[in-house]
Amino acid sequence: MFRSALLLIIGLALSGCLDAVELVNNSSSTYWISKSKAAKIHTNVLDAVNELRVENDLYKISLSEELNLIAKAHSKDMYEQDRAWHFGSDGSSPLDRVVRTGFSGQLLGENISETYESELETLNAWMQRSDTRSIILHEKARYMGLSWYQAGDGKIWWTQVLTR
């Protein structure tokens, strides 16, 4: 009895050390981004975001190649740091990254994700949270950048940047 209880306590303690994303992943459900899928991701997300914005009586936004490059660099940097967060390995914030490229718009927000899910599943997850949803549906948003980095194990590091 004591041994069973001890094993249960140890198991529960160790499960708290695991990343929840890792628990739900299995190789059969990993979304792999092929070249043909990659060619459609920006359009898929832009169309979905604009549909959400129109439903909420907001202006449609445009895709910015400059912001895509910012998002791409940050996605790879998050992978290299092995954590999804808004600060770069050089200490840069999302605002720093937009300003140093010379982009003339004003940063409204950045959404990030570390997942095994597709672009539309990731967008849906962002829309379920009030903080990330408010960035996507910001009334002053006019431009979006989006990119990703997919690691060898299939994990995808997504970055979305919205500006005015």
Side-chain angles (χ1 to χ4, degrees), residues 19-22 24-25 30-56 58-164:
D19 183 348
V21 173
E22 297 293 335
V24 298
N25 178 47
T30 299
Y31 178 78
W32 288 99
I33 301 174
S34 65
K35 284 188 179 189
S36 63
K37 285 181 185 176
K40 299 173 186 171
I41 288 175
H42 289 110
T43 302
N44 290 345
V45 174
L46 183 63
D47 289 348
V49 165
N50 279 331
E51 185 176 317
L52 291 164
R53 292 181 59 82
V54 168
E55 287 172 3
N56 286 276
L58 298 167
Y59 289 105
K60 288 185 176 183
I61 60 173
S62 300
L63 197 62
S64 163
E65 281 304 315
E66 197 171 11
L67 295 176
N68 286 346
L69 293 174
I70 292 168
K72 183 176 185 170
H74 189 60
S75 293
K76 184 150 194 290
D77 191 43
M78 287 189 299
Y79 159 74
E80 290 170 353
Q81 294 182 71
D82 195 26
R83 62 179 169 179
W85 75 324
H86 294 284
F87 294 94
S89 57
D90 62 356
S92 63
S93 70
L95 178 60
D96 296 331
R97 291 189 291 275
V98 170
V99 168
R100 78 175 162 214
T101 65
F103 186 79
S104 60
Q106 178 186 10
L107 176 71
L108 298 173
E110 174 181 81
N111 291 328
I112 58 173
S113 181
E114 170 189 4
T115 185
Y116 292 89
E117 296 178 331
S118 72
E119 65 278 9
L120 296 180
E121 290 169 316
T122 301
L123 176 60
N124 184 51
W126 285 334
M127 290 301 291
Q128 300 307 310
R129 293 180 43 114
S130 62
D131 58 339
T132 51
R133 177 184 174 92
S134 68
I135 293 169
I136 294 165
L137 298 180
H138 195 292
E139 66 181 22
K140 295 182 180 178
R142 296 296 181 267
Y143 301 99
M144 179 184 78
L146 177 81
S147 198
W148 63 92
Y149 181 83
Q150 187 160 33
D153 66 353
K155 187 182 290 183
I156 307 169
W157 305 80
W158 294 100
T159 304
Q160 180 190 49
V161 180
L162 284 108
T163 66
R164 62 185 242 173

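Within 6.0 Å of OH on Tyr149 lie more than 12 heavy atoms contributed by other residues, nucleotides or ligands. Atom OH of Tyr79 sits in a sparse spot, with 12 or fewer heavy atoms from other residues, nucleotides or ligands closer than 6.0 Å.
With hydrogens and angles disregarded, a donor-acceptor distance shorter than 3.5 Å links the side chain of Trp126 to the backbone of Ile112. Between the side chain of Gln81 and the main chain of Phe87, a donor-acceptor pair closer than 3.5 Å is present. Formation of a donor-acceptor pair under 3.5 Å by the Arg164 side chain with backbone atoms of Arg142 is not found in this model. Between the side chain of Arg53 and the backbone N or O of Ile136 there is at least one donor-acceptor pair closer than 3.5 Å.
With contacts defined as side-chain heavy-atom distances shorter than 4.5 Å, the pair Ile135/Leu108 does not qualify. With a 4.5 Å cut-off on side-chain heavy atoms, His138 and Leu162 do not count as touching. Looking at heavy atoms from C-beta onward, Thr163 lies out of side-chain contact with Gln106 at the 4.5 angstrom threshold. Side-chain atoms of Ile156 and Trp32, non-hydrogen and from C-beta on, never get closer than 4.5 Å to each other. Here the side chains of Val45 and Trp158 are not in contact, with every heavy-atom distance at 4.5 Å or above.
For Lys155 and Asp153, the salt-bridge test fails: no basic side-chain N is under 4.0 Å from an acidic carboxylate O.
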Requested in this report: Please test Ile70 against His74 for side-chain contact (heavy atoms from CB on, under 4.5 Å), starting from the C-alpha separation and ending with a verdict.
Outcome: CA-CA 6 Å; Ile70 292 168; His74 189 60; 5.6 Å; no
Requested in this report: Start with the C-alpha gap between Asp77 and Ser89, add the side-chain angles, then the distance that decides, and say whether side-chain hydrogen bond (donor to acceptor under 3.5 Å, both in side chains) holds.
Outcome: CA-CA 7 Å; Asp77 191 43; Ser89 57; 2.7 Å; yes
Query - Chi angles and distances behind the side-chain contact (heavy atoms from CB on, under 4.5 Å) call for Thr115, Glu121 - result: CA-CA 10 Å; Thr115 185; Glu121 290 169 316; over 6 Å; no
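The minimum heavy-atom distance between Ser75 and Ser147, with the atom names listed, is OG-O, 3.4 Å.
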Side chains of residues 93-101: which donor-acceptor pairs under 3.5 Å do they make with residues two or more places apart or in other chains?
residue : atom : partner : partner atom : Å
Ser93   : OG   : Leu95   : N            : 3.3
Ser93   : OG   : Asp96   : N            : 3.1
Ser93   : OG   : Asp96   : OD2          : 3.2
Asp96   : OD2  : Ser93   : N            : 2.9
Arg97   : NH1  : His86   : O            : 3.3
Arg97   : NH1  : Ser92   : O            : 3.0
Arg97   : NH1  : Ser92   : OG           : 3.2
Arg97   : NH2  : His86   : O            : 2.9
Arg97   : NH2  : Glu110  : OE1          : 3.2
Arg97   : NH2  : Glu110  : OE2          : 2.9
Arg100  : NH1  : Asp90   : OD2          : 2.9
Arg100  : NH2  : Asp90   : OD2          : 3.3
Thr101  : OG1  : Val98   : O            : 2.7
Thr101  : OG1  : Phe103  : N            : 3.3

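Sorted by first and then second residue, the side-chain hydrogen bond (donor to acceptor under 3.5 Å, both in side chains) pairs involving residues 60-71 (not counting sequence neighbours) are Glu65-Asn68. Residue pairs meeting the side-chain hydrogen bond (donor to acceptor under 3.5 Å, both in side chains) criterion with at least one partner in residues 38-52, sequence neighbours excluded, are Asn44-Glu119.
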